[in-house]
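Heavy-atom basis, side chains included; hydrogens, waters and symmetry copies ignored.
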Amino acid sequence: DYEKYLKVAGNEKSKAYGDEVSQILRRRLSRSLEYEGKLVEAELVVRAALLNRLKATGLYSTWAPRVILRFADHLAIQGRFDESKQLIDVAIDVMQKLGFPEGSYRLHSAQMQLAGLEFLAGKTDKALAIYDKIEQTLDKSSEYTRRIVESDKDRLLTYAVAGRQGDVIAHFNKYGASPEGSSFVRGVYRQGALAIATAMAGDTEQAFRKFRDIVPTLTAKKAQPADEAYTVGTAPELRNSVILEAYLALLVKLRGSAEEEKLGVDAVAEAFTVADTARGQLVQKAVSAASARASVDNKELAELVRTEQD
């Protein structure tokens, strides 16, 4: 239906509103395809949107950074962090040369994307440096922008993992569990950050309850087309890993303790259940990867598929 809307409504509105409508629809279509697990199709759509934008207005326009950042976000979903960071750097450079103010939402959004990629790549110190730099200019931002920045899922996860649990807990005391405009998935990652922070603050029982609330969502099997299911090392998977590893560490701490008995949980059994579920998902993806290679008749193309999967 959305593809049909893009073809019909997009063409009609473009007559009145110009190329901007087409760009917006393409960006939204790419997100819809991502949610369906159609990463290849999504990349084709967002790549076409970027090329059309550059052709229409060139690089130095207020619209170009939006499409560039959408493309960067898509590449991060695929786990292509280096390519994503290159695009974000370009977008930031364009906005700065166009005179975007330091406290603007668009500039902060790009900087937050960059910090999030550093965190997902395991470079927590670099991520913290970017987040701290952003906070120094938040006094120039609107209340809306400040709230968006402070509620960012990767910022909260970074702080939790880096031992700044006090900042994470203070955030939830200020804004509550579900910041305005947050999606269900983003909310789960924010709750994961709170669970990690609570564990690091020493409240084992409360941390266990928070983990138990979100872990079923993180380990639920998501149906994906076989040609997309081999994609590993993606941004969502890495966020899941950060939270699940913290949960497993908490279960190890609970084993044989009075708190384990009080909570009525078998920490060892729970740990094996979580680990087995996660392992099963990886095995399923490996099987899907093998199927994708087997479906290719051309040997050179099959090897290319294998290299990309690796």
Pairing residues for Arg146 by the side-chain hydrogen bond (donor to acceptor under 3.5 Å, both in side chains) criterion, not counting sequence neighbours: Glu143
Separation of Leu87 CG from Phe71 CZ (nearest 0.5 Å): 6.5 Å
Inter-residue atom distance Lys123.NZ - Phe81.CZ, 0.5 Å rounding: 11.0 Å
Residues in side-chain hydrogen bond (donor to acceptor under 3.5 Å, both in side chains) contact with Asn173, at least two apart in sequence or another chain: none
Check: Arg209 and Gln206 side chains under 4.5 Å, non-hydrogen atoms: yes
Thr204 vs Leu263 side-chain heavy atoms within contact, under 4.5 Å: no
Which atom of Ala197 lies closest to which atom of Ala160, heavy atoms considered: N-CB, 4.2 Å
Side chain to side chain, Glu270 and Arg212, heavy atoms closer than 4.5 Å: yes
Evaluation steps, side chain to side chain donor-acceptor pair (under 3.5 Å), between Thr57 and Ser61: CA-CA 6 Å; Thr57 62; Ser61 69; 2.9 Å; yes
Side chain to side chain, Ile196 and Tyr247, heavy atoms closer than 4.5 Å: no
Value rounded to 0.5 Å, distance of CD in Glu102 from CD in Gln96: 8.5 Å
Gly163 versus Met200, closest heavy-atom pair with distance: CA-CE, 3.8 Å
Closest heavy-atom pair and its distance - Ala195, Lys210: CB-CB, 3.8 Å
Exam field: side chain Asp73 to backbone Leu69, donor-acceptor pair closer than 3.5 Å: no
Value rounded to 0.5 Å, distance of NE2 in His171 from CG in Leu156: 4.5 Å
Val46 to Val67 - nearest heavy-atom pair and separation: O-CG1, 4.4 Å
Student check: side-chain heavy atoms of Tyr189 and Asn240 closer than 4.5 Å: yes
Heavy-atom check, side chain of Lys140 versus side chain of Pro101, under 4.5 Å: no
Any Arg70 side-chain heavy atom under 4.5 Å of Ser30 side chain: yes
Contact summary for His74 and Ala42, nearest pair of heavy atoms: CE1-CB, 3.6 Å
Side-chain touch His108/Leu138, heavy atoms, less than 4.5 angstrom: yes
Parallel, tilted or perpendicular: rings of Tyr131 and Tyr159 (30°, 60°): perpendicular
From Leu33 atom CG to Glu43 atom CD, the distance as rounded to the nearest 0.5 Å: 12.0 Å
Shortest non-hydrogen contact between Arg155 and Glu135, atoms and distance: NH2-OE2, 2.9 Å
Note: Glu150-Arg147 ion pair, threshold 4.0 Å (strictly below): no
Heavy-atom donor-acceptor pair, Ser141 side chain to Gly103 backbone, under 3.5 Å: yes
Under-4.0 Å salt bridge between Lys85 and Asp89: no
Flag if over 12 foreign heavy atoms under 6.0 Å of OH, Tyr60: yes
Contacts of Glu259 that satisfy salt bridge (Lys or Arg N to Asp or Glu O under 4.0 Å) - sequence neighbours left out: none
Pairwise distance NZ(Lys126) to CG(Leu114) - rounded to 0.5 angstrom: 9.5 Å
